[in-house]
Novice: 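Quick one: the structure is below, and I'll ask about it shortly.
So that the names make sense, note that chain A is the first sequence line, chain B the second, and so on, each numbered from 1.
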Amino acid sequence: MLREVWARVRSFFRKQELDRELDEELAAHIELATEDHIREGMSPREAHRLARIKLGGIDPMKELHRDSRGLPWLDGIIQDIRHSVRGLLHSPGFAFTAIATLAIGIGVNTAVFTVTNAVLVKGFRLIDRNDRILYIHSQQNGQYSGVSYSDFQDWRTEAKSFEGLGAVADLRITLNGEGGFPERYTATRITTNAFRLLGQRPILGRDFVESDAMLRAPPVAILNYSFWERRYGKDSTIIGQTLHINGTPPTTVIGVMPDGFSFPQNQDLWIPLTETADLQPRNARQLWFAFGRMADGVTKENARAELETIGSRLARDYPRTNQGQVPQLESFSEFFIGANATLIYGAIWGAVGFVLLIACSNLANLMLARAIGRSREISVRIALGAGRWRIIRQALIESLILTSVGGACGWLIAKWSVRAYELAVNPPASEWNHDLLNYTLDYRVLAYFMAIAIGAALFFGLAPSFRFFRLDLNAVLKDGGHGATRGGRGKRLSSLLVVSEMALAIVLLAGAGVMVRSFLKMATADVGVRLANTVEMLLHLPETKYARREANISFFDRLKTRLEGIPGVESASVGLPPAGGLPARIPYELAGAGHVDQQIRPSVTVVTIGPDYFRTLAARVLSGRDFNAFDGDSGPPAVIVNERFASQQWPGQNALGQRLRLFNRDAPQDWLTVVGVVSNILYDRARQEITPVIYLSYAQAPTSADMWVLVHASIPATGLASSFRQEIGAVDPDVIIWLGPYDLSTRLSRSGPYGSIRNHAILLLIFAAIGLAFASVGLYTISAYSVSQRTQEIGVRMAIGATASDILDLVFKQGMLYVGVGLGIGLAASLAVNRLLKAELVQVSPSDPITLAVVSATLIVAAILGCLIPARRAMRVDPVVALRHD
Amino acid sequence: MPDSKLDLLQGTLDLMVLQTLDVLGPLHGYGIARRIEQLSGNEVLLNQGTIYASLVRLQQRRWIAAEWGVSDNNRKAKFYSITKAGKRQMKEDQTQWERLVAVITRVLAASGERG
């Protein structure tokens with residue numbers, strides 16, 4: 001059996017040789033037979049004729065020979081492929097539409113799957129068995145509350161579910177430049193076992209060892225590959241060299257991690273997490289998170305239960321610090337991406353799924369139309385004996401050819417769009433090198449791609465095939481191929497597809513609509529201040545030189561003068577940039593409020609500023625005054641509050657002259673007198689929330705080594721970067737500078753939830769546009785087809801006196817019926833679907849009526865366009881021609 | 001010549017070809033076709049060409065072997081001969097065939113008695 005199959009396969013590929021051999025054999029046969037006949041007494045001519053007759057028809061015989069020696073079905077398929085390709089080349093319009101539709105549908109789907117896959121499934125690059133790595137942090141009342149080093153140590157000793165536990169603390173540090181300008185780099189503090197838990201080793205040098213984390217151990221660091229590449233040009237002699245990290249003794253480079261490895265993200269180097277005094281208190285929850293690799297055979301539920309047990313034990317033993325603290329065990333996507341994002345990516349993925357469905361419906365309709373148009377041809381073929389299976393095979397082969405070409409283009413589209421998306425989300429010039437997500441097109445993507453491509457091919461290849469089983473040969477042959485459409489079933493199927501396209505387009509449009517509205521709300525939200533042409537800089541003053549506040553203040557005073565001397569600069573100041581996140585809140589009490597237990601003492605955001613902070617940001621002083629030269633060391637301690645704070649604490653009263661004081665741990669500080677009230681400035685962009693804020697003058701508050709400087713210019717301020725560096729260097733060359741790469745308004749539009757909602761809105765909008773285009777093409781297809789099928793009927797109507805507008809009515813009524821039904825279903829569905837987006841929406845209701853109205857109008861316009869061309873064609877029907885139309 | 005020739009049952013042509021080669025030794029396609037025509041008294045057949053489909057099938061199953069050679073009257077022709085496997089197969093097929101014939105004969109005879 002096997003031998004025969006093998007022989008057949010061999011024969012299949014030796015077709016020409018075998019055919020030639022058969023020819024020779026047959027020639028010999030005829031000669032031998034002719035000679036025999038001559039011997040029997042025939043004339044040579046007659047003998048030859050008889051020999052040929054007895055041999056039989058040469059061609060059917062060759063066919064039979066081939067069938068019995070080779071692979072007839074494969075020959076058939078090849079023939080079908082040829083036939084299909086020829087057919088498609090014959091109708092390039094159809095072929096192009098089909099291939100483009102498929103390429104877009106499949107490409108966009110694959111691209112989105114790649115991104116979703118990266119966000120929801122993959123986890124960190126280069127880390128083996130990501131699903132076994134879990135992330136742990138503490139929660140209080142369901143809110144992230146960091147990780148305390150002491151808690152972490154208890155987890156580590158007691159938890160048996162893990163092969164080991166590691167911890168991560170993010171730390172931003174500065175690094176002295178070598179020759180050039182000093183710059184800021186980022187280091188992550190990790191426990192020394194972290195890389196081993198992740199299954200990664202340095203490609204150069206050595207991993208951390210436990211002794212590296214000892215208190216008095218010589219400082220060491222391991223470099224991120226891209227940092228090593230960028231900063232040291234992949235110099236392999238870097239191992240053993242020293243870096244100067246501010247304030248510490250020289251740090252020795254001991255290793256370089258592999259290319260593409262980053263944990264958790266955005267760092268230039270890793271240093272060991274040392275148990276310093278500030279980490280020891282149990283309520284100092286300064287670690288970012290802990291993580292562990294689950295031991296073999298342990299499930300996430302086991303591990304979670306064990307951690308919770310340990311957590312409640314700690315809460316019992318240390319009620320003062322651990323009451324209500326619950327250790328939380330999460331997967332990569334739960335911890336780093338968050339439940340909202342999961343939902344959003346799910347929604348986007350669903351959206352493109354819809355787009356593909358729409359694309360397939362269109363193709364099915366197109367194929368159906370073609371099949372109906374060809375039903376006469378097909379009926380003839382069936383009547384002549386072609387098996388129905390062969391006809392279906394032909395249709396499937398056609399759809400597979402279209403899908404292969406479309407799919408190949410789709411793969412390219414996917415590749416390019418993922419690349420484009422990556423660049424859009426993580427511009428290479430940005431401060432962050434977002435290593436967190438891994439957008440490679442891996443085997444999962446390939447599998448998904450294959451699955452949807454094959455699924456699409458089957459879907460739209462088989463849809464028309466179902467018709468063939470019901471084809472009434474006689475009716476079709478007699479009818480000239482027209483009857484098929486009026487059979488109802490094919491038409492009902494097409495109508496169903498078009499109506500669902502309309503509905504899906506509405507769902508997509510509505511989803512995109514509310515996202516866009518959210519985005520616009522955010523984009524136009526008032527930060528309260530002027531952002532354009534304002535830049536931020538973070539300066540680090542060497543502690544040794546600036547130990548005293550006076551030195552610090554005089555530095556900034558001199559710097560302010562110099563910066564304001566740069567042509568184009570309008571004002572410069574010290575203080576927190578708006579919309580960059582909130583600093584820590586500090587407990588306070590109001591004068592005359594009575595004693596409040598320290599556990600429940602309220603706290604407020606405190607921002608330390610220099611002179612002209614409000615002027616630089618164009619914030620308004622509503623009452624009282626700005627800080628001035630008298631609010632120095634010798635002057636009475638003053639405070640400025642924002643409008644929100646004033647209206648919350650002293651509603652309906654004059655805030656000026658009121659007093660409050662801050663606490664340093666339990667120790668009350670000096671009483672502060674309110675000297676001014678300023679307009680609200682938005683710091684917490686993520687929540688779009690104006691919070692109560694109080695401002696202290698830096699001349700009266702404790703200063704820190706790191707200070708933000710803001711500069712507003714009348715010209716694009718980013719162009720002044722080198723002047724800024726020059727002036728700062730002129731005041732003190734040892735100051736370390738980090739200069740924001742964008743002005744504030746650009747930074748805001750690119751970062752954080754604002755950036756992500758923008759990206760999501762744009763993505764959904766693109767998909768919705770594709771969906772809408774497909775839907776109106778679908779309507780066009782079905783209307784155009786119906787018009788061409790009814791040319792005769794239209795001709796008759798016109799002949800008996802129907803006007804052009806009656807005909808227009810005829811075509812439009814049907815089209816608009818689809819639109820109406822689709823719109824109804826779509827709106828109902830979008831009310832349900834949009835609820836999923838709620839978490840991402842900012843001040844927009846998921847069932848926002850304006851959005852839904854605009855969306856409906858858009859669909860109707862698109863649908864009218866879809867109907868218009870066929871309708872015009874119907875109007876121009878010439879009755880005389882139409883009546884003869886076959 | 002009778003009005004209608006016998007339609008060959010599936011597989012019977014293969015058996016006849018094997019039998020012919022077994023009896024006559026190596027033979028070319030034309031020879032086999034002639035021989036079957038003669039033996040069947042022109043009752044069966046067939047376009048002679050059908051023989052070639054059968055020959056290629058038998059060859060692929062390794063029941064016969066083929067070789068180019070020269071015929072009695074100096075013509076180049078492909079000669080077929082039966083292989084050991086072919087002989088085995090022929091025996092099997094013969095037994096099968098005889099059993100089938102016996103059964104059918106019995107059945108037909110039985111219905112004949114009744115009518």
Side-chain angles (χ1 to χ4, degrees), chain A residues 1-40 42 44 47-72 74-75, chain B residues 1 5 7-8 10-14 17 24 26-38 40 42-80 83-86 88-89:
Chain A
M1 188 58 208
L2 211 68
R3 202 190 281 154
E4 191 186 338
V5 171
W6 173 234
R8 277 172 178 266
V9 171
R10 267 200 350 224
S11 308
F12 178 78
F13 289 106
R14 293 169 54 215
K15 199 170 282 164
Q16 286 188 334
E17 190 188 335
L18 292 175
D19 278 353
R20 210 175 45 242
E21 239 176 73
L22 181 65
D23 283 343
E24 281 178 43
E25 207 173 355
L26 293 179
H29 181 112
I30 289 173
E31 280 175 25
L32 286 165
T34 310
E35 277 171 28
D36 265 7
H37 293 318
I38 291 174
R39 233 173 310 172
E40 284 161 15
M42 291 185 193
H48 185 76
R49 203 178 71 90
L50 186 63
R52 298 219 37 171
I53 290 173
K54 285 183 114 178
L55 184 61
I58 298 276
D59 283 328
M61 188 200 332
K62 278 190 181 167
E63 200 66 34
L64 187 65
H65 195 260
R66 279 189 202 133
D67 282 358
S68 28
R69 76 170 187 229
L71 304 166
L74 193 55
D75 282 322
Chain B
M1 235 169 29
K5 293 188 177 185
D7 260 343
L8 280 175
Q10 183 80 41
T12 48
L13 180 60
D14 290 1
V17 170
L24 298 185
L27 203 59
H28 45 66
Y30 172 67
I32 300 170
R34 281 284 300 188
R35 163 85 180 169
I36 292 175
E37 262 177 353
Q38 283 165 358
S40 70
N42 286 341
E43 279 261 25
V44 289
L45 236 93
L46 107 52
N47 291 325
Q48 289 178 346
T50 354
I51 208 90
Y52 290 99
S54 169
L55 286 170
V56 77
R57 198 159 50 230
L58 292 171
Q59 227 181 318
Q60 283 191 336
R61 293 176 185 164
R62 308 265 174 104
W63 292 340
I64 60 173
E67 212 180 3
W68 284 99
V70 178
S71 74
D72 304 339
N73 36 9
N74 270 330
R75 294 270 173 214
K76 195 181 155 214
K78 206 176 192 178
F79 280 79
Y80 297 90
T83 62
K84 268 193 194 136
R88 257 199 317 277
Q89 185 64 32

Novice: Is any side-chain heavy atom of Gln60(B) closer than 4.5 Å to a side-chain heavy atom of Trp6(A)?
Specialist: no
Novice: Counting only heavy atoms from other residues, nucleotides and ligands, does the tally under 6.0 Å from CD of Glu67(B) exceed 12?
Specialist: no
Novice: Heavy-atom distance under 4.5 Å to chain B: side chain of Leu18(A), backbone, both or neither?
Specialist: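 Leu18(A) has no heavy atom closer than 4.5 Å to chain B.
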Novice: Hey, mind stepping through Tyr30(B) and Asp36(A) against side-chain contact (heavy atoms from CB on, under 4.5 Å) and telling me if it holds?
Specialist: CA-CA 10 Å; Tyr30(B) 172 67; Asp36(A) 265 7; 2.8 Å; yes
Novice: Any Lys/Arg nitrogen of Glu24(A) or Lys76(B) sitting under 4.0 Å from an Asp/Glu carboxylate oxygen of the other?
Specialist: yes
Novice: Using salt bridge (Lys or Arg N to Asp or Glu O under 4.0 Å) as the criterion, list what pairs up with Asp23(A), not counting sequence neighbours.
Specialist: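 Partners of Asp23(A) under the salt bridge (Lys or Arg N to Asp or Glu O under 4.0 Å) test: Lys62(A).
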Novice: I need the residue from Glu21(A), Arg8(A), Glu31(A), Glu25(A) with the largest number of non-hydrogen atom pairs under 4.5 Å to chain B.
Specialist: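 Most heavy-atom pairs under 4.5 Å with chain B: Glu25(A).
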Novice: Could you measure the distance from the OH atom of Tyr52(B) to the CG atom of Leu22(A)? Nearest 0.5 Å is fine.
Specialist: 8.0 Å
Novice: Is Gln16(A) atom CD crowded by more than 12 heavy atoms from other residues, nucleotides or ligands, each under 6.0 Å away?
Specialist: no
Novice: Would you check, one step at a time, whether the test side-chain contact (heavy atoms from CB on, under 4.5 Å) holds for Glu37(B) with Lys54(A)?
Specialist: CA-CA 11 Å; Glu37(B) 262 177 353; Lys54(A) 285 183 114 178; 3.6 Å; yes
Novice: Select one option (side chain, backbone, both, neither) describing which atoms of Glu35(A) are under 4.5 Å from chain B's heavy atoms.
Specialist: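 Contact with chain B: side chain only.
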Novice: Would you say CZ of Arg62(B) has more than 12 non-hydrogen atoms from neighbouring residues, nucleotides or ligands within 6.0 angstrom?
Specialist: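 12 or below, so no.
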